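Sequence lines set the chain letters: A, B, ... in the order given, protein chains first and strands last, and positions in each chain run from 1. Since we're looking at a predicted model, the values are computed, not measured.
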2 protein chains.
Amino acid sequence: MAAVARAATTSDAFNAIAEPQRRDILALLRAGEWPVTDLARELGMSQPRASKHLRVLREVGLVRVREAGKQRWYGLDARGLRPVHEWLGGFERFWAGSFDRLDAYVQDLKQEAE
Amino acid sequence: MAAVARAATTSDAFNAIAEPQRRDILALLRAGEWPVTDLARELGMSQPRASKHLRVLREVGLVRVREAGKQRWYGLDARGLRPVHEWLGGFERFWAGSFDRLDAYVQDLKQEAE
DNA sequence: CCATCATATTCCCATAACGGCATGCGTCAA
DNA sequence: TTGACGCATGCCGTTATGGGAATATGATGG
């Protein structure tokens, strides 16, 4: 009860999308809803595996389920990705290298390389 | 050599930013370069801890080091965040709920709730 | 060369993550 | 009711993680 090894993966969208297969699932769901088995086959993973990833995605609110008979159609709920996008937004201005500090820094690197 | 428990955290930016403290570090570095000890104190974490997180960030290319005497100034290299941003870009159109499927889906949910 | 400061690294622990496999559970058809 | 189907869970094993404490490594000043 001492060392918290790491935050639960189910804690937030950041963790949820850290797993490649979950990103694949989300990408696939942009095309519409999918029943678990089909989704699993489409992505080449076992059904339990798909169910587990879908559970994580469901718990962080990135995915919704619609029950229809014995099938469960999973659909995307991309709103959960907004926090990630907003956080990233705080860094966009640094990509272009237009920020003074970064520019100066890059210059430093170049000089050191000579 | 059998079950690969999970991808290494050091594998990519997605994993690197899944950890809240690393996001804090990146956010702090937007203000400029920081020596490890100062950064650690500023964020209220031990020095070894800061070093470890910085190492991960360095390995995925989100951070650069500039050595100056016995200090090491860490600086942001936000370019590594582009892949994340680009991946997210593929979902922006779904946030507004303007996508037919999502709308229809939400309607379904509402009806079921009655 | 030695003491010191700034960092990085190692060792160890507790925990969480993923995967496979087997199984539980609900739904539907016969 | 029974069996098949679709999916969720449970359990187990392996691996990675984050944290703390101690220690190693590097550079600097005397």
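- Between Arg66(B) atom CZ and dT7(C) atom P the separation is 12 Å, expressed in whole Å.
- For Gln21(A) and Asp38(B), each mapped to the nucleotide of DNA chain C holding its nearest heavy atom, the one lying further toward the 5' end belongs to Asp38(B).
- Proximity of Tyr74(A) to the phosphate of dG6(D): no side-chain N or O atom is located under 4.0 Å from OP1 or OP2.
- Sequence order on DNA chain D of the closest nucleotides to Lys52(A) and Lys70(A) puts Lys70(A) first from the 5' end.
- Arg72(A) has no side-chain polar atom (N or O) that falls below the 4.0 Å cut-off from OP1 or OP2 of dC7(D).
- Straight-line distance from the CD1 atom of Ile25(A) to the P atom of dC7(D): 13 Å, rounded to whole Å.
- Exactly one of Leu76(B), Leu39(B), Asp38(B) qualifies for a side-chain contact (heavy atoms from CB on, under 4.5 Å) with Leu28(B). That residue is Leu39(B).
- Judged by closest nucleotide on DNA chain C, His53(A) is the one of His53(A) and Ala68(A) placed further toward the 5' end.
- Arg41(A) places its CZ atom 12 Å from the C1' atom of dG6(D), with the value rounded to the nearest Å.
- A donor atom on one side chain and an acceptor atom on the other are not found under 3.5 Å apart for Gln47(A) and Arg41(A).
- Side-chain nitrogen and oxygen atoms of Arg55(A) include none within less than 4.0 Å of the OP1 or OP2 phosphate oxygen of dA8(D).
- Looking only at atom types and distance, the side chain of Tyr74(B) has no donor-acceptor partner in the side chain of Arg66(B) under 3.5 Å away.
- For the pair Arg49(B) and dG18(D), the criterion of a side-chain N or O lying under 4.0 Å from OP1 or OP2 is not met.
- Here Pro35(B) lies in heavy-atom contact (under 4.0 Å) with sugar-phosphate atoms only.
- Spacing between atom CD of Gln47(A) and atom P of dT9(D) amounts to 11 Å, rounded to whole angstrom units.
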- Checking side-chain contact (heavy atoms from CB on, under 4.5 Å) for the pair Met45(A)/Ile25(A): CA distance, chi angles, key distance, verdict? CA-CA 11 Å; Met45(A) 59 178 85; Ile25(A) 290 178; 4.3 Å; yes
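- Phosphate proximity of dT9(C) to Ser51(B): absent, as no side-chain N or O sits under 4.0 Å from OP1 or OP2.
- To the nearest angstrom, C1' of dT25(D) lies 12 Å from CD of Glu67(B).
- Between dG20(D) and Ser46(B), a contact under 4.0 Å exists linking OP1 or OP2 to a side-chain N or O.
- For the pair Phe14(A) CZ and dA16(C) P, the interatomic distance rounds to 21 Å; values are reported in whole Å.
- The residue Gln71(B) sits close only to the backbone: its heavy atoms come under 4.0 Å of sugar-phosphate atoms, none of a base.
- With salt bridges taken as basic N to acidic carboxylate O contacts below 4.0 Å, one links Arg55(A) and Glu59(A).
- Rounded to whole Å, atom C1' of dC5(D) lies 15 Å from atom CH2 of Trp73(A).
- Rounded to whole Å, the distance from CG on Leu54(B) to C1' on dA6(C) is 13 Å.
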